[in-house]
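Counting from 1, the numbers follow the sequence of the chain as shown. In each ligand, atom 1 is the first atom listed, and ligand 1 is the first ligand listed.
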Amino acid sequence: MKIWVITNQKGGAGKTVLATNLAVEGSKAGLKTLLIDLDPQQSATKWWEAREAAAPLLIKCLYNQLIDNLNSAKQQGFELVVIDTAGREGLKHTEAIESATFAIIPCQPSLDDCRSALPTVDIIKKVKTPFAFVITRCPSSGNDLHEAKNSLSTIGLVCHTPTIERKCYKRAYANNLSVCEYDVHDKGAGEIKGIFNWIDKKETRLENTQLTNAVG
Ligand SMILES: Nc1ncnc2c1ncn2[C@@H]1O[C@H](COP(=O)(O)OP(=O)(O)OP(=O)(O)O)[C@@H](O)[C@H]1O
Ligand SMILES: [Mg+2]
């Protein structure tokens, strides 16, 4: 079972938007997908409760219920779990990061945002969970994307596809949809697909490398 934790102590980095969209993308890709809302703010839960679509499933979860919930998700045959976490509660979800098979750090392309992600990176590195940055809310022109990629790639992997600052993300969220459900032809839908495929392939490649190293 793949467990993707979306984490960044910085508030407003785009965690919930990414978590909800990746979970829908997982379902669309045919994976039995569970979205776990670990944020006491419950933004993902409010989005999910107003949806009509059956998938993905969502459970809201207290920190001390996480491991039990992950175990029962595995028993129930879930193939992908996406965990949305709280920004301001920072360290409280270390267990989620440790349990995850991959950690995703959404980060806006500014020096302040890149610096603010560092405490989260420290936690992830300590527990040795593979991770990557996804640059979010990127201006559609200018150097911000290039500069953020350069600076973040000195710390870890950076997903090739960013999310651009687009109306469709806010509109889809306000309508309790993913961007793909909102408008499959919008460029945002292509971005989410690109991010999902990149993470999925990267994780599979890392798993294969670990397996080869273990055998060799
Ligand atoms: N690519 C994007 N384009 C436009 N708006 C975006 C994009 N990504 C996120 N947003 C908007 O940015 C705001 C913050 O996003 P989000 O709620 O996902 O952040 P968060 O990291 O979950 O915040 P918190 O730390 O409070 O949980 C929201 O209003 C969301 O709609
Ligand atoms: Mg959030």
Side-chain angles (χ1 to χ4, degrees), residues 4-25 35-51 56 58-63 66 82-94 96-97 100 103-110 112-121 123-124 131-142 144-145 148-149 152 158-183 185-196 198-199:
W4 294 356
V5 64
I6 319 294
T7 177
N8 189 341
Q9 271 176 246
K10 173 94 175 166
K15 295 179 288 292
T16 303
V17 163
L18 202 55
T20 50
N21 275 285
L22 289 178
V24 172
E25 201 58 37
L35 181 54
I36 293 187
D37 189 358
L38 207 53
D39 184 354
Q41 219 174 221
Q42 297 189 356
S43 315
T45 303
K46 286 169 203 151
W47 168 87
W48 182 82
E49 281 175 348
R51 279 170 63 78
L58 174 143
I59 52 165
K60 48 188 170 189
C61 176
L62 299 173
Y63 295 110
L66 179 69
V82 179
I83 307 177
D84 185 27
T85 65
R88 65 207 146 68
E89 303 232 319
L91 292 164
K92 288 196 182 169
H93 63 266
T94 304
I97 296 174
I104 298 157
I105 311 174
C107 182
Q108 290 186 49
S110 79
D112 176 48
D113 285 275
C114 293
R115 280 194 188 133
S116 301
L118 293 179
T120 305
V121 173
I123 298 167
I124 297 173
F131 75 97
F133 295 99
V134 173
I135 299 173
T136 53
R137 307 193 63 181
C138 200
S140 54
S141 60
D144 301 35
L145 176 61
K149 266 189 181 164
L152 293 174
V158 183
C159 179
H160 292 170
T161 310
T163 74
I164 303 297
E165 176 79 26
R166 296 184 193 284
K167 289 187 184 123
C168 69
Y169 286 97
K170 283 197 171 67
R171 289 183 181 158
Y173 190 78
N175 285 283
N176 313 299
L177 299 169
S178 73
V179 283
C180 199
E181 291 169 329
Y182 179 74
D183 182 357
H185 301 297
D186 196 288
K187 286 183 179 163
E191 286 163 9
I192 293 298
K193 197 179 262 305
I195 293 166
F196 182 91
W198 186 90
I199 296 167

So that I can check it, does any N, O or S atom in Gln41 come closer than 2.8 Å to the Mg ion (ligand 2)? no
Measure across [X] and [Y] and return the closest heavy-atom pair with its distance rounded to 0.1 Å.
{"X": "Leu35", "Y": "Ala44", "result": "CD2-CB, 4.5 Å"}
{"X": "Val5", "Y": "Ala100", "result": "CG1-CB, 3.5 Å"}
{"X": "Gly12", "Y": "Lys15", "result": "N-NZ, 4.2 Å"}

Give a yes or no on whether the ring-centroid distance for Phe131 and Trp4 is below 6.0 angstrom. no
Lys193, NZ atom: more than 12 neighbouring heavy atoms under 6.0 Å: no
Less than 4.0 Å from some atom of ligand 1, heavy atoms are found in residues Gly11, Gly12, Ala13, Gly14, Lys15, Thr16, Val17, Asp39, Gln41, Gly87, Arg137, Thr163, Ile164, Glu165, Arg166, Tyr169, Lys170
Inspect the contact between Asp39 and Lys60 and indicate whether a charged nitrogen and a carboxylate oxygen are less than 4.0 angstrom apart. no
